[in-house]
Amino acid sequence: MKLSDFRDLDYQNAGNWPQGVKLTFCALLFLLICLLGWYFQIRGQQDDLESKQNQERTLKQDFSVKQAKAVNLEALRQQLEEMKDMLRQMLLQLPSKTEMPELLVDISQTALSSGIENDLFQPGAEQIKEFYAEKPITLRMVGSYHQFGAFISGVASLPRVVILTMHDVSLRPQQNAGGAAGAKPALMSGPLALEGTVKTYRYVDDDEQAANAPPVPGKPGVPPPKPAAGGHGGMQ
């Protein structure tokens with residue numbers, strides 16, 4: 001097969017082409033068909049295959065994790081019950097509803113016995129959460145660094161577990177009568193003013209939780225929800 005065979009081709013009479021030219025054109029046509037088939041058919045299927053393979057790997061990983069959990073299900077349940085028991089024991093160490101007023105008095109008296117001046121000690125409205133209740137206390141106390149340390153130590157030694165969390169509390173050197181701070185008193189020796197809001201907590205027993213739980217429609221004593229305005233009632 002020569003190069004001149006391709007130059008002298010009669011495209012109107014392909015049947016008379018030389019045998020080598022026919023084979024060459026058939027090979028090129030075959031390659032073109034294969035290329036077009038890969039581009040329009042096989043390439044999309046390869047992308048789908050790769051996506052399915054990635055999905056398979058993800059599902060296998062999820063299966064391994066869930067299988068490990070299923071094998072250890074009983075141990076995890078037992079651990080959960082132990083954690084619930086520990087939580088109940090910790091909650092029972094918090095003061096109860098009847099002990100709360102006495103506890104507030106104890107906190108105030110502990111501050112006074114530590115030498116701290118209670119300019120303001122005002123308990124606020126109690127807020128009941130899921131299994132505990134929090135009571136905010138707005139306060140302003142004046143004392144030294146060591147007196148505040150003795151106050152914290154005294155609160156920690158009360159018979160009941162007392163948790164005090166601070167919210168928007170500031171501790172700064174006490175201002176003099178003229179309203180200006182003194183000559184930069186040392187934090188460890190000069191009088192300090194602590195003011196802001198602290199919160200203390202108590203546990204809520206099962207009866208109180210049930211009493212404060214939101215009503216569930218359909219239960220005895222709970223009216224069903226009212227139909228929307230303009231709606232139709234049920235069948236008579």
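Numbers here are sequence positions counted from 1.
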Could you tell me which residues satisfy side chain to side chain contact (heavy atoms under 4.5 Å, CB included) with N54, sequence neighbours excluded, listed by chain and number?
E50, R57

Output the rest of the hydrophobic cluster of L29: all Ile, Leu, Val, Met, Phe, Trp and Tyr residues reachable through side-chain heavy-atom contacts under 4.5 Å, sorted by chain and number.
I33

Under the side chain to side chain contact (heavy atoms under 4.5 Å, CB included) rule, collect the residues that match up with T200, sequence neighbours excluded.
M100, L103, L104, K135, I137, V162, L164

Can you check whether S108 reaches N118 side chain to side chain, under 4.5 Å on heavy atoms?
yes

Within-4.5 Å side-chain heavy-atom neighbours: T138 and L120:
yes

I need the M141 CE to F121 CZ distance, nearest 0.5 Å.
5.5 Å

Tell me, please, which residues at least two apart from D85 pass salt bridge (Lys or Arg N to Asp or Glu O under 4.0 Å).
R88

Could you grab the distance from atom CD of Q78 to atom CE of M83, nearest 0.5 Å is fine?
13.0 Å

For E134, side chain to side chain contact (heavy atoms under 4.5 Å, CB included) partners two or more places apart
Q127, K129, Y132, K199, Y201

Among the clusters formed by ILVMFWY side chains lying less than 4.5 Å apart, do V155 and L112 turn up in the same one?
no

For F151 and I107 the tightest heavy-atom approach is CE1-O, 3.5 Å

Say you draw a straight line from CG of L171 to CZ of F148; how long is it, rounded to the nearest 0.5 Å?
6.0 Å

Under the side chain to side chain donor-acceptor pair (under 3.5 Å) rule, collect the residues that match up with E126, sequence neighbours excluded.
R202

What residues, two or more places apart in sequence or in another chain, satisfy salt bridge (Lys or Arg N to Asp or Glu O under 4.0 Å) together with E99?
R160

Please determine whether a side-chain nitrogen of the Lys or Arg among K52 and E56 lies less than 4.0 Å from a carboxylate oxygen of the Asp or Glu.
no

Residue list, side chain to side chain contact (heavy atoms under 4.5 Å, CB included) with S157, at least two apart or on another chain:
none

Rounded at 0.5 Å granularity, tell me how far CG in L192 sits from NE2 in H146.
10.0 Å

Can you find a pair of side-chain heavy atoms, one from L36 and one from L32, that are under 4.5 Å apart?
yes

Let me confirm one number: the CZ-CG distance from R140 to D119, rounded to the nearest 0.5 Å.
5.0 Å

With sequence neighbours left out, the residues meeting side chain to side chain donor-acceptor pair (under 3.5 Å) with E102 are none

Do you know which two heavy atoms are closest between S114 and Q147, and how far apart they sit?
O-CG, 3.2 Å

Residue set satisfying side chain to side chain donor-acceptor pair (under 3.5 Å) with Q61, at least two apart, ordered chain then number -> none

Sequence neighbours excluded and cut-off under 3.5 Å, please list the side-chain donor-acceptor pairs for residues 66-74, or say none.
residue	atom	partner	partner atom	Å
N72	ND2	A68	O	3.2
E74	OE2	R77	NH1	3.4

Could you name each residue pair satisfying salt bridge (Lys or Arg N to Asp or Glu O under 4.0 Å) that touches residues 105-117, not counting sequence neighbours?
none

Closest non-hydrogen atom pair between A133 and V204, with its separation:
N-CG2, 3.7 Å

